[in-house]
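Everything below concerns the one structure shown next.
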Amino acid sequence: MTTPSNPSLISDPLIFTGLLNKIPIGQDFIWRSFVSVIQASGTKWETRSKEIRAIMAKILDHGAKLPFGLKGKTSKREGGFMKVGLSLPIDPEELIAFDRDGTFSSEILENAGSIRLSIESAIEWIVMRGLSGQSLSAESNIDIGLGSVTGATTTATTWSNVAATGIADLVAKNETSKTANQGKGSSLIIMSNQAWVWLRNQTATQALIHSTAGIGSQVPDLLLTNLLRDNGLPPVLIYDAEVEVESGKTFATARVLPEDLVILLPSLSRFPSGLAQVFIGRTGEEIIAANEGLIPPNLGSDLPMYGWVEKQTGPARIEVSGQIAVGFNIEATAYTTTLDIVI
């Protein structure tokens, strides 16, 4: 009986990188819906955007074609990368078992899944909080703002109060969004499930549906969805995602977005390439490992989403690090409007 000849998990980094990329992305992670992912190299990312406006001539002869003069300006933005990822130990015997029969053990799959979850959670946290103008806390515990939103206001009445006028609040906020986005309304409203329930139970909402403000006349979700559409409002995304964030020496579960924050994203027609750009690069650890011959220096030729580094840290210990260098250009932040509904 011959032993199957399989690529070694230890000597072929693409195997583990490929495994990471094949793990399904959880539906709770929605950052990919709003961004474009760009492969980058070097120590910083750079982007250029050009805004072109067509200027009509003031005076026209009878029967003349409409002439347009094109005026444009180019803006340049750049920034650095942050390391995102996770390092986990794997029993060397698990790797040897793969080399022998080509089957991933449950431990390898579990570790790969944890690495993928860690990276996706970190990017979700940064993109969604950045788009809504929330601050981020760096390793040095310094708050970093990715930009302030336009028209961040607080409702006159708490939405948990049945006397609140949530529909009117959203209509007014959408008008603010139009002012900030060249007359184009919002493309999407993001709110928590609790905010949706409060909106549904408000007497003003019930009166618009049932022609009466009787408390207890609960508005079905479908009727509320149609009511929002009839008032010129975009679709609503219910979003209650949570991630684990570092808290001292441990980790704590935290909401990505506050429960009492309603976000109106700008018109996607203004940002055809996405509301943000996520730049993917190689981490310093990967570059060092490549120079030491631990992984091929041309690993990026296939543009894997995640790089990885593997090294033996003891006689019976191998550590696998799924890592990625990430840069963020959240250019739509200034065109987002938010509504603090106050719990």
Inset, instruction - For Ser121 and Glu244, run side chain to side chain contact (heavy atoms under 4.5 Å, CB included): C-alpha distance rounded to whole Å, both residues' side-chain angles, the deciding distance at 0.1 Å, then the answer. - result: CA-CA 8 Å; Ser121 296; Glu244 286 191 330; over 6 Å; no
Inset, instruction - Could you walk me through whether Leu86 and Ser114 pass side chain to side chain contact (heavy atoms under 4.5 Å, CB included), step by step? - result: CA-CA 8 Å; Leu86 185 68; Ser114 296; 4.2 Å; yes
Inset, instruction - Determine, step by step, whether Ile263 and Met128 satisfy the side chain to side chain contact (heavy atoms under 4.5 Å, CB included) criterion, reporting the C-alpha distance in whole Å, the side-chain angles of both residues, the deciding distance to 0.1 Å, and the verdict. - result: CA-CA 10 Å; Ile263 303 163; Met128 297 307 295; 5.9 Å; no
Legend entry - Test log, rule side-chain hydrogen bond (donor to acceptor under 3.5 Å, both in side chains), inputs Lys184 and Ser269: CA-CA 9 Å; Lys184 298 179 176 64; Ser269 62; 4.6 Å; no
Inset, instruction - Starting from the C-alpha separation in whole Å, work towards a yes-or-no answer on side chain to side chain contact (heavy atoms under 4.5 Å, CB included) for Gln277 and Phe279. - result: CA-CA 6 Å; Gln277 290 85 43; Phe279 297 88; 3.6 Å; yes
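Donor-acceptor pairing under 3.5 Å is recorded for the side chains of Ser177 and Ser186. Side-chain contact annotation: Trp196 with Asp221, donor-acceptor N/O pair under 3.5 Å present.
The distance from atom CD1 of Ile324 to atom OG of Ser118, rounded to the nearest 0.5 Å, is 11.0 Å. Here CG of Leu264 is found 8.5 Å from CG of Leu188. Values are rounded to the nearest 0.5 Å. Glu110 CD to Leu88 CG: the interatomic distance, rounded to the nearest 0.5 Å, is 9.0 Å. Residue Asp260 holds its CG atom at 8.0 Å from OG of Ser192, rounded to the nearest 0.5 Å. Distance check, rounded to the nearest 0.5 Å: CD1 of Ile341 to OG1 of Thr153 gives 11.5 Å. Expressed to the nearest 0.5 Å, how far CG of Leu227 lies from CG of Leu233 amounts to 8.5 Å.
Val256 and Val127 fall within a single hydrophobic cluster, where Ile, Leu, Val, Met, Phe, Trp and Tyr are joined by side-chain heavy atoms under 4.5 Å apart, directly or via other members. A continuous path of ILVMFWY side-chain contacts below 4.5 Å connects Leu237 to Trp31, so both sit in one hydrophobic cluster. Taking hydrophobic clusters as Ile, Leu, Val, Met, Phe, Trp and Tyr residues chained together by side-chain heavy-atom distances below 4.5 Å, Ile167 shares a cluster with Ile238. Follow the hydrophobic side-chain contacts under 4.5 Å out from Ile123 and you reach Leu257 in the same cluster. Cluster annotation: Phe34 is not connected to Ile38 through the hydrophobic network of ILVMFWY side chains, with a link wherever side-chain heavy atoms come within less than 4.5 Å.
Contact record, Ser267 with Ser187: CA-CB, 4.1 Å, taken as the closest heavy-atom pair. Taking each heavy atom of Tyr239 and Ile190 in turn, the nearest pair found is CB-CG2, 3.6 Å. The two residues Leu131 and Ala332 come nearest to each other via the heavy atoms CD2-CB, 4.4 Å. For Gly322 against Ile115, the heavy-atom pair with the smallest separation is CA-CG2, 3.4 Å. Here the closest heavy-atom approach between residue Gly85 and residue Ile119 is recorded as CA-CG1, 3.8 Å. Between Gly130 and Thr333 the shortest heavy-atom distance is O-OG1, 3.1 Å.
When side chains are defined from C-beta on, Leu339 does not count as touching Thr337, because their heavy atoms never get closer than 4.5 Å. Looking at heavy atoms from C-beta onward, Arg200 lies out of side-chain contact with Thr205 at the 4.5 angstrom threshold. Between Asn111 and Leu109 there is no side-chain heavy-atom pair separated by less than 4.5 Å. By the 4.5 Å heavy-atom criterion applied to side chains, Ile90 and Glu319 are not counted as neighbours. In this structure, the side chains of Val262 and Leu170 come closer than 4.5 Å at one or more pairs of heavy atoms. When side chains are defined from C-beta on, Phe29 counts as touching Leu117, because their heavy atoms get closer than 4.5 Å. Taking the side chain as every heavy atom from C-beta outward, Gln182 and Arg270 approach each other to under 4.5 Å. In this structure, the side chains of Gln202 and Val162 stay at 4.5 Å or more apart for every pair of heavy atoms.
Between the side chain of Trp125 and the backbone N or O of Val243 there is no donor-acceptor pair closer than 3.5 Å. Not one N or O on the side chain of Ser321 forms a donor-acceptor pair closer than 3.5 Å with the backbone of Ser87. A donor-acceptor contact shorter than 3.5 Å is absent between the side chain of Thr158 and the backbone of Asn161. Put simply, the side chain of Asp240 gets close to the backbone of Asn193: a donor and an acceptor are under 3.5 Å apart. Of the possible polar contacts, none joining the Glu259 side chain to the Gln194 backbone as a donor-acceptor pair under 3.5 Å is found. Between the side chain of Thr155 and the backbone N or O of Thr157 there is at least one donor-acceptor pair closer than 3.5 Å. Side-chain atoms of Ser132 come within 3.5 Å of backbone atoms of Arg129 as a donor-acceptor pair (strictly under, hydrogens ignored). Not a single donor-acceptor pair under 3.5 Å links the side chain of Thr165 to the backbone N or O of Ala168. A distance-only check finds a donor-acceptor pair linking the side chain of Ser36 to the backbone of Ser273 [under 3.5 Å].
For the pair Glu242 and Arg255, the salt-bridge criterion is not met [side-chain N within less than 4.0 Å of a carboxylate O]. No salt bridge links Arg32 with Glu124; every basic N to acidic carboxylate O contact stays at or beyond 4.0 Å.
With sequence neighbours excluded, the residues forming a side-chain contact (heavy atoms from CB on, under 4.5 Å) with Arg229 are Asn226, listed by chain and number. Scored by the side-chain contact (heavy atoms from CB on, under 4.5 Å) test, Ala152 finds Val149, Thr338 as partners (sequence neighbours excluded). In this view, Phe271 and Tyr335 satisfy the ring-ring contact (aromatic ring centres under 6.0 Å, His included) rule, not counting sequence neighbours.
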